[in-house]
Amino acid sequence: MIMKNNDIHAAANHTFAVAKTDINREKNRNISTKSDISESKSFKKTNRNVKDVRCPAAGKCGGCDWLGRPYEKQLADKKKLVADLLKPYCRLEGIIPMETPYFYRNKVHAVFDRDRRGAVIAGTYEKNSHRVVAVEKCLIEDEKAGEIIRTIRDLCKSFQIRIYDEDSGYGLLRHVLVRAGHTSGQYLVVLVLSSPILPDKNNFIKALRKAHPEITSVVINVNDRRTSMILGEKEQVIYGKGYIEDTLCGKTFRISPKSFYQVNPVQTQKLYQKAIEYADFRGNERIVDAYCGIDTIGIVASDHVKEVIGVELNKDAVRDARVNARINCVRNISFYENDAGQLLTQMAQQKAKVDAVILDPPRSGSDEAFLSSVIQIAPAKVVYISCNPVTLARDLEYLTKRGYRAMRACAVDMFPQTAEHVEACVLLEKAGKAQPGRRGTVDRADGGMPART
Ligand code: SAH
């Protein structure tokens, strides 16, 4: 269920010395400029229970490789991993832990199959194989989402829904994806089928909603290809609006089945608060939010700056981003559906003025087109949010060799119980560059921006 990354895995497998862990006091959920990396008694209490945690699928599913390892040790190990990688550039201030490090995943995927006796099972692929392991209760996934999946599994029998067979290509139901709105309590169910026709669909929805009135939308996604990709191209909304909404840092976001949305909303808020704290905006800046997804960061930052330019490659995410700006009445924002490196290159050629760049690239990190354009545009600040400290360190090497200094860095535990993922946020400043003046820096009518696509 959790994507692997060999780089991180190799690094995480080093023997770690147990360091004193920085622990967060999870009091302040709003934007704060105070450091939130400190001791917390309630966290320690939660942590004592970790030893008792058992998962029947442990060792097979491969999702939570660190389940059973004391949470304080997990944090110490992740902190050391990031601190070691960032050491040549910056001291790591600490790692922000999750107070209750369970049931956090708001996106739950289950693959459907039949066991040896022919009973329908829902779960995950066994580590490094295509065998399905039944998952009765997952300790890191949203609990209600898990219950919805088990109800669908049980309904398959009464509705005579045939389970897709990967070998023969026969059968209808392949996967179920559930997205949960952490604050809104809305649930979106995506039924991934091999054909667009779900027999007795209205009664199926009725039965499902009777068991789970919290379901606000059901979508059929058609995946008729023999592929390991979960979602196919075609979608049909069969109940509700076809998306859910959720709230982060006081802003509302629309999330479609295919848009990227951070899977741990509790920790995401802390990450964004840290990014805003590091950026220390004065209100007159023009900023770029690169790799913006549905533009959660840009919309949260929009209250603190004069203008935000969002750039994102995925067209569904850009569509959601535009809607999200409207929902939140944000008018100082514009979006480019483009490769971030390509847009920045054009901006550099047109001598666009930018005061700060926030970037949150995928695990592969940024690229030379993007980073070299940042050097040319020369914003006073760069806030780099990363889900892979290995590529973060690589990109810091590039920027710090070309006039930027890494000033502050912290890690955020976005994926407790897993060895794979640790998020980090780094503030870089252009050596010798002063804060922008009162007038801001936008001095051309078009601000040096290319035409929007
Ligand atoms: N900042 C967002 C999304 C981060 S995930 C958030 O916090 O929710 C990384 C995003 O980068 C994804 O939405 C992905 O679609 C996008 N992406 C990947 N490669 C890209 C590229 N070359 N140019 C622009 N966006 C890209």
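Remember, it's 1-based here, ligands and their atoms both numbered in the order they're listed. Side-chain atoms are counted along with the backbone in the values below, which use heavy atoms only and exclude waters and symmetry mates.
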Minimum heavy-atom distance between Asn328 and Thr252, given as atom pair plus value: ND2-O, 2.6 Å
Asp339 neighbourhood, listing ligand 1 atoms whose heavy-atom distance to it stays under 4.0 Å: 21 (C), 22 (N), 23 (N)
Pair Arg319 + Asp316, salt bridge at N-O below 4.0 Å: yes
Heavy atom of Tyr272, distance to ligand 1 below 4.0 Å: yes
Over all atoms of both residues, closest heavy-atom pair of Cys387 and Arg363: O-NH1, 3.1 Å
Within-cut-off N or O pair, Ile297 and ligand 1, under 3.5 Å: no
Min heavy-atom dist Asn338 to ligand 1 below 4.0 Å: yes
Closest protein heavy atom (residue, atom, distance) for atom 11 (O) of ligand 1: Tyr291 CB, 3.4 Å
Any Ala317 heavy atom less than 4.0 Å from ligand 1: no
Nearest heavy atoms of Tyr291 and Ser366, plus distance in Å: OH-OG, 3.0 Å
Asp355/Arg282 ion pair, N-O < 4.0 Å: no
Heavy-atom closest contact (Val300 atom, Lys251 atom, distance): CG2-CG, 4.2 Å
Within reach of ligand 1, part of Cys387 (heavy-atom separation under 4.0 Å): neither
Nearest non-hydrogen protein atom, atom 2 (C) of ligand 1: Cys292 O, 3.5 Å
Shortest non-hydrogen contact from Glu235 toward Lys258: OE2-CE, 3.4 Å
Protein heavy atom at shortest distance from atom 18 (C) of ligand 1: Pro362 CG, 3.6 Å
Ligand 1 N/O within reach of Glu312 N/O, cut-off under 3.5 Å: yes
Short N-O contact, Glu143 and Lys137, less than 4.0 angstrom: yes
Shortest reach to atom 25 (N) of ligand 1 by a heavy atom, considering only Asp360, Ile358, Asp316, Leu313: Leu313
Contact check: Tyr261 vs ligand 1, nitrogen or oxygen atoms, below 3.5 angstrom: no
Per-atom contacts, ligand 1 versus Thr296 - under 4.0 Å to a heavy atom: 6 (C), 7 (O), 8 (O)
Heavy-atom closest contact (Val426 atom, Ala409 atom, distance): CG2-CB, 3.9 Å
Min N/O separation Asp289 to ligand 1 under 3.5 Å: no
Ion pair check, Glu277 and Arg408, cut-off under 4.0 Å: yes
Heavy atom of the protein closest to atom 23 (N) of ligand 1 (residue, atom name, distance): Ala340 N, 2.9 Å
